[in-house]
A.B. asks: 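The following block contains the structure, expressed as structure tokens.
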Amino acid sequence: MGDIIVALATPPLKSALAVIRSSGEGVFRLAGKLFSQKLCSIEKRSSFVGYWSNEKGERIDQVVILCYPAEHSLTGEDALEIFCHGSPLVATRIIDSCLALGARYATNGEFTSRAFVHGKIDLVEAEAVNDLIEAASDEAQKLALMSLEGKASALLKPLRDRLAALLASVEVGFDYPEYEEETALSLEKAEAEASSIKGEIDSLIAEGHEGRLVKDGLKVALVGKPNVGKSTILNLLLGEEKAIVSPIPGTTRDVVEGETRYKGLVFRFLDTAGLRDNPEEIEKIGIEKSLASVDKADAVVLVLDEDRPLDEEEKDIERKARGKIFLVVVNKEDLREGKSRLEDKRIYLSAARKEKAQLLDALAKEAGVSAGAFARPSLNSSRQLSLLAKASRSLGEALENAKEDTLDLFSSAVLGAYTALRKLLGEEATLDLSDEIFSRFCVGK
Ligand code: GDP
């Protein structure tokens with residue numbers, strides 16, 4: 001019997017049903033000892049209804065079992081799912097019976113990692129499993145599903161293959177100069193190909209950043225002096241009383257988080273303590289959090305309650321927010337009998353009059369997420385984006401080297417890009433290039 005893992009796949013709560021998953025060589029034999037029917041030689045996906053007993057033969061529950069032989073299972077090994085009644089006690093006893101016969105508890109993500117190890121899914125698809133579970137909006141769910149279906153990996157594979165072909169042609173030029181005219185690309189052509197691949201990777205990076213916003217939402221910090229109406233604006237945006245609103249300056253001392261959805265994007269708001277010149281001790285903690293939240297945010301909304309230029313403290317915030325979305329909101333327009341409007345890059349509104357559309361529109365616009373980003377697969381995790389960036393940098397270096405006519409440096413930089421894409425897909429980091437590359441050419445003829 002191999003290493004059989006077992007885990008509860010549903011939350012440990014009372015419910016109609018609970019699902020227990022188990023996977024590993026010999027799992028059908030193990031289940032056969034506990035289930036009222038023999039399950040030894042299962043060749044296709046099958047379901048059974050019967051009784052599950054513990055190792056002493058005491059019946060626990062009536063269950064349905066789905067058996068997946070290795071070639072039809074997610075994990076790439078024999079696996080089964082046990083559907084029992086949704087009692088945490090029943091589920092625990094079923095799991096305990098498996099443990100008693102030699103199975104062990106699965107670690108986090110171990111079913112998915114086995115699927116990856118057995119080549120059932122690549123790393124991008126494996127990441128998508130988690131994205132799907134974590135998806136906070138319909139759009140994020142659709143994006144994760146596209147990755148799970150392999151559509152994000154499919155963006156990458158042609159580029160990986162083109163890099164392999166490019167490497168091959170350059171290597172041929174090195175090792176078999178006599179073939180150069182026949183098979184190898186000229187440096188000029190190689191450069192053009194590297195540049196075209198870099199262009200495509202750069203587009204993937206841009207689309208990935210948009211995808212990340214669709215997936216993770218936009219973190220927005222609301223900052224400004226005490227009493228300008230930050231908590232009121234936050235409550236308005238969230239549509240619930242999440243932050244404490246008070247006429248006494250400095251009452252919101254903690255960062256309060258909440259989220260709202262608008263035009264397919266999830267905005268995660270961080271309410272922060274006011275900024276003031278001479279903070280008292282406790283207020284100071286709040287201000288530090290306020291500044292820290294600027295660091296954490298993708299967008300900073302600075303709230304004023306009158307139409308005036310920014311003071312030094314506020315300009316500091318603006319500087320700190322450089323490179324991020326930065327919006328100025330002038331609140332309490334009701335006191336000046338002004339309309340809600342966008343003017344000179346400032347958003348005028350009255351939180352008391354419940355005006356929020358202008359602010360949300362501005363945030364959505366500044367986020368710059370194109371309509372396409374909701375419908376197109378993308379490589380959007382930080383791991384994926386950093387490896388894409390690495391590939392792009394390597395190709396940038398390759399192009400620099402090409403200018404200096406140094407073919408070996410060109411080739412090693414292209415190899416860097418190729419390796420980054422392989423890592424992205426979770427393909428082996430150390431590989432014998434010759435197999436992959438030279439199998440494309442019949443050099444030895
Ligand atoms: P914070 O300290 O920046 O979070 O400010 P609060 O949200 O606690 O608001 C401070 C005071 O300003 C409260 O009395 C709010 O009711 C009031 N306030 C907030 N927004 C408006 C507004 O648009 N118009 C008016 N007239 N009062 C407002």
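First listed ligand is number 1; within each ligand, the first listed atom is number 1. Nothing here was measured: the structure is a model prediction, and the numbers come from that model.
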A.B. asks: As an exercise, identify every atom of ligand 1 less than 4.0 angstrom from a heavy atom of Pro226.
C.D. replies: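 Answer for ligand 1: 2 (O).
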A.B. asks: In ligand 1, which numbered atoms sit nearer than 4.0 Å to a non-hydrogen atom of Ala351?
C.D. replies: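 The list of qualifying atoms is 20 (N), 23 (O).
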A.B. asks: Which of the numbered atoms in ligand 1 are below 4.0 angstrom from a heavy atom of Lys230?
C.D. replies: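 Those of ligand 1 that fall under 4.0 Å from Lys230 are 1 (P), 2 (O), 3 (O), 4 (O), 5 (O), 7 (O).
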A.B. asks: The criterion is salt bridge (charged side-chain N to carboxylate O under 4.0 Å, His left out); which residues satisfy it with Glu343, sequence neighbours excluded?
C.D. replies: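 Result, salt bridge (charged side-chain N to carboxylate O under 4.0 Å, His left out) vs Glu343: Arg341.
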A.B. asks: Looking at CG of Leu148 and CD1 of Ile121, how far apart are the two atoms once the value is rounded to the nearest 0.5 Å?
C.D. replies: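 With rounding to 0.5 Å, CG (Leu148) is 7.5 Å from CD1 (Ile121).
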A.B. asks: Can you check whether Ser231 has an N/O within less than 3.5 Å of an N/O in ligand 1?
C.D. replies: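 Ser231 vs ligand 1: N/O contact under 3.5 Å present.
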A.B. asks: Of all residues at least two apart in sequence or in a different chain, which pass the side-chain contact (heavy atoms from CB on, under 4.5 Å) check with Lys198?
C.D. replies: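 Lys198 satisfies side-chain contact (heavy atoms from CB on, under 4.5 Å) with Asp202, Ser392, Leu395, Leu399 once adjacent residues are dropped.
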A.B. asks: Would Ala352 count as being in polar contact with ligand 1, using the rule that some N or O on each side must be under 3.5 angstrom apart?
C.D. replies: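 For ligand 1, there is an N or O atom that lies under 3.5 Å from one belonging to Ala352.
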A.B. asks: Look at the rings of Phe48 and Phe35 and say which category their plane angle falls in: under 30° parallel, 30 to 60° tilted, over 60° perpendicular.
C.D. replies: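 Ring orientation, 0 to 90° scale: perpendicular.
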A.B. asks: Do NZ/NE/NH1/NH2 and the carboxylate oxygens of Glu110 and Arg114 come within less than 4.0 Å?
C.D. replies: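 Salt bridge flag = yes for Arg114 with Glu110.
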A.B. asks: Main chain of Lys225, side chain of Lys230: is a donor-acceptor contact present, judged purely on distance under 3.5 Å?
C.D. replies: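 Side chain of Lys230 to backbone of Lys225: a pair is present.
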A.B. asks: Quick one: does Asp334 get an N or O within less than 3.5 Å of an N or O on ligand 1?
C.D. replies: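 So ligand 1 has an N or O lying under 3.5 Å from an N or O of Asp334.
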A.B. asks: For ligand 1, which part of Asn227 has a heavy atom less than 4.0 Å away: the side chain, the backbone, both, or neither?
C.D. replies: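 Both parts.
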A.B. asks: Would you mind telling me if ligand 1 is within reach of the side chain of Leu335, the backbone, both or neither, using heavy atoms under 4.0 Å?
C.D. replies: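 The answer is the side chain of Leu335.
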A.B. asks: Whether the side chain of Ser394 engages the backbone of Lys390 through a donor-acceptor N/O pair (distance < 3.5 Å, no angle test) should be reported.
C.D. replies: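 A pair under 3.5 Å: yes.
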A.B. asks: Between ligand 1 and Gly229, is the shortest N or O to N or O distance under 3.5 Å?
C.D. replies: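 Checking ligand 1 against Gly229, an N or O pair does fall under 3.5 Å apart.
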